[in-house]
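Please read these numbers as outputs of a predicted model, since none were measured by experiment.
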Amino acid sequence: MTSAIHWVNLNGVIYTFDQLKSGSFKSGNNSFEESTLGFCHDWLTGKQEFKLQTSGSTGSRKIITVSRQQMEASARLTIEALQLKSNDTSLVCLDTKYIAGQMMLVRSLTHRMNIVVVDPSSNPFERIPLSLSVDFAAFVPYQLETILNSTHSIRLGNLKHSIIGGAPLDLKTRKALHSMACKFYATYGMTETLSHIALQQLNGEQSQDYFEALDKITIGKDARGCLTIHANYLGPEKIITNDLVELISPKKFRWLGRWDNIINSGGIKVVPEKVELEVQKIFEDLNLMNRFFVFGFPDERLHQKVVLLIEGSAFANETQAKIEMKLEEKLDHYHRPKELRFIPNFKETENGKVKRSETANLIPIRAQ
């Protein structure tokens with residue numbers, strides 16, 4: 001494998017770009033390999049249109065058709081922002097049936113990067129020999145957290161750039177990245193924007209507590225306080241999201257939460273994600289590792305009451321009392337969870353993102 005021959009290493013089987021273009025490869029061993037090989041072949045042979053399933057970030061889930069030129073324009077923005085280099089090696093460990101995995105392939109194929117592809121798993125480095133170095137990777141939070149808690153954590157530091165999307169990182173994970181040489185970026189985006197349109201550097205001297213829109217991306221807010229996005233390559237219309245944001249400048253914003261998650265408690269609009277930031281600090285202080293989220297349950301007096309749902313078995317009475325005391329110190333009456341409820345296992349998507357409504361539906365509503 002010389003630098004002049006570009007290649008894709010798919011679960012240990014190596015294909016050159018020329019082989020993938022000509023179609024001289026066997027079908028994959030599973031749906032992930034088939035979607036990866038099929039997408040690479042389609043791209044290298046010049047396919048002009050691709051169908052994508054949206055996640056519902058801007059409304060109901062639907063199938064959209066996008067052009068090759070649009071996907072390539074999005075890829076170029078990331079390549080330029082991160083200053084990726086041709087002949088670097090990228091790691092694709094996200095499902096290539098969806099936009100995040102597909103755009104990692106597009107960036108790599110467009111920029112003539114070598115590609116290491118492994119089946120999506122909690123720790124992709126378990127499948128990659130130590131002799132195979134990687135420069136650029138994309139992860140979802142649960143993958144990053146698993147790697148950091150494994151013997152493979154040193155390999156994260158050997159990367160040059162890593163992007164993380166799908167859900168916010170917790171405070172403990174963010175702190176673990178501070179000392180690493182690799183530059184880690186949280187991403188903001190969705191299927192409709194062909195992956196991310198903004199980055200937030202998480203470590204190093206230039207770390208940020210806000211997202212910064214990529215070049216040629218214009219942002220704003222609608223009457224609800226939700227982010228609007230305009231990019232020429234996506235068309236003339238603004239994309240209206242359901243993400244509540246604080247605009248810092250014409251290019252910078254802080255993500256506050258989801259409009260469709262808002263809880264109306266006693267006429268006060270409670271953004272669950274803001275409450276969760278305080279809960280996260282409390283859990284960290286008490287060394288609690290459980291996943292959690294805040295949800296609104298029906299209430300005769302308040303219309304909705306704020307409830308903290310925690311994954312796992314109920315805490316000891318002493319621990320629960322400490323949590324409730326700290327919540328009372330940190331949050332006002334309307335924002336403070338009125339109950340702590342426990343669920344053995346949260347419902348989640350294929351990439352480990354919690355399904356809030358489906359999980360909350362597992363909780364029986366208590367008589368008032």
Go through the side-chain N and O atoms of [X] and [Y] and say whether any donor and acceptor fall under 3.5 Å apart.
X: Trp259; Y: Asp243; answer: no
X: Arg155; Y: Ser133; answer: no
X: Asn9; Y: Tyr15; answer: no
X: Asn123; Y: His152; answer: yes
X: Glu212; Y: Gln208; answer: yes
X: Asn11; Y: Glu33; answer: yes

Would you say [X] and [Y] make side-chain contact, with heavy atoms under 4.5 Å?
X: Ser313; Y: Phe342; value: no
X: Leu52; Y: Gln102; value: yes
X: Leu169; Y: Ile164; value: yes
X: His41; Y: Thr45; value: yes
X: Leu82; Y: Ile163; value: yes
X: Asn242; Y: Asn261; value: no
X: Phe125; Y: Ile147; value: yes
X: Glu34; Y: Asn29; value: no

Looking at every heavy atom in both [X] and [Y], which two are closest together, and how far apart are they?
X: Ala81; Y: Leu199; result: CB-CD1, 4.2 Å
X: Glu311; Y: Pro344; result: CG-O, 3.6 Å
X: Leu144; Y: Leu156; result: CD1-CD1, 3.8 Å
X: Phe253; Y: Ile219; result: CD2-CD1, 3.6 Å
X: Asp215; Y: Leu77; result: O-CD2, 3.3 Å
X: Thr241; Y: Tyr188; result: CG2-OH, 3.6 Å

Keeping [X] on the side-chain end and [Y] on the backbone end, is there a donor-acceptor pair under 3.5 Å?
X: Lys305; Y: Pro337; answer: no
X: Gln48; Y: Gly46; answer: yes
X: Ser67; Y: Gln70; answer: yes
X: Asn203; Y: Phe184; answer: yes
X: Glu328; Y: Met325; answer: no
X: Ser22; Y: Gln19; answer: yes
X: Glu339; Y: Arg341; answer: no
X: Gln53; Y: Tyr98; answer: no
X: Ser195; Y: Ala100; answer: no
X: Ser74; Y: Leu194; answer: yes

Can [Y] be reached from [X] by stepping across I, L, V, M, F, W or Y side chains whose heavy atoms are under 4.5 Å apart?
X: Phe50; Y: Phe32; result: yes
X: Ile229; Y: Ile64; result: yes
X: Ile268; Y: Val271; result: no
X: Leu177; Y: Leu171; result: no

- prompt: Do the two ring centres, one from His6 and one from Phe17, sit under 6.0 Å apart?
  reply: yes
task: Please assess Glu273 against Leu256 for the test side-chain contact (heavy atoms from CB on, under 4.5 Å), listing each intermediate value before the final yes or no.
output: CA-CA 7 Å; Glu273 291 86 352; Leu256 302 178; over 6 Å; no
So, taking the atom named [atom1] in [X] and the one named [atom2] in [Y], what distance separates them when rounded to the nearest 0.5 Å?
X: Leu234; Y: Ile239; atom1: CG; atom2: CD1; result: 5.0 Å
X: Ile99; Y: His196; atom1: CD1; atom2: NE2; result: 11.0 Å
X: Ile282; Y: Leu331; atom1: CD1; atom2: CG; result: 6.5 Å
X: Glu72; Y: Thr110; atom1: CD; atom2: OG1; result: 4.5 Å
X: Ser265; Y: Asp299; atom1: OG; atom2: CG; result: 7.0 Å
X: Leu227; Y: Leu247; atom1: CG; atom2: CG; result: 7.0 Å

Hey, is [atom1] on [X] packed in by over 12 heavy atoms from elsewhere, all under 6.0 Å?
X: Gln69; atom1: CD; answer: yes
X: Lys330; atom1: NZ; answer: no
X: Asn317; atom1: CG; answer: no
X: Ile154; atom1: CD1; answer: no
X: Lys322; atom1: NZ; answer: no

- request: Give the ring-plane orientation class for Phe39 versus Trp43, where under 30° counts as parallel, over 60° as perpendicular and anything between as tilted.
  value: parallel
Does this structure show an ion pair linking [X] with [Y], if we count only N-O contacts that are shorter than 4.0 Å?
X: Arg174; Y: Glu284; result: no
X: Glu278; Y: Lys281; result: yes
X: Asp170; Y: Lys172; result: no
X: Glu358; Y: Lys347; result: no
X: Arg336; Y: Glu329; result: no

- prompt: Step by step, would you call Val66 with Met71 a side-chain contact (heavy atoms from CB on, under 4.5 Å)?
  reply: CA-CA 7 Å; Val66 300; Met71 297 180 83; 3.9 Å; yes
message: For a side-chain hydrogen bond (donor to acceptor under 3.5 Å, both in side chains) check, start with the C-alpha distance between Ser35 and Lys97, then their side-chain angles and the critical distance, and finish with the verdict.
response: CA-CA 6 Å; Ser35 67; Lys97 293 194 295 291; 5.4 Å; no
Full working for side-chain contact (heavy atoms from CB on, under 4.5 Å) between Val270 and Val275: CA-CA 8 Å; Val270 177; Val275 178; 3.8 Å; yes
task: Mind running side-chain contact (heavy atoms from CB on, under 4.5 Å) on Val279 and Phe292 for me, showing each step along the way?
output: CA-CA 9 Å; Val279 176; Phe292 62 87; 3.5 Å; yes
- request: Check the pair Lys338 / Glu324 against salt bridge (charged side-chain N to carboxylate O under 4.0 Å, His left out), numbers first and verdict last.
  value: CA-CA 9 Å; Lys338 304 300 183 289; Glu324 291 170 348; over 6 Å; no
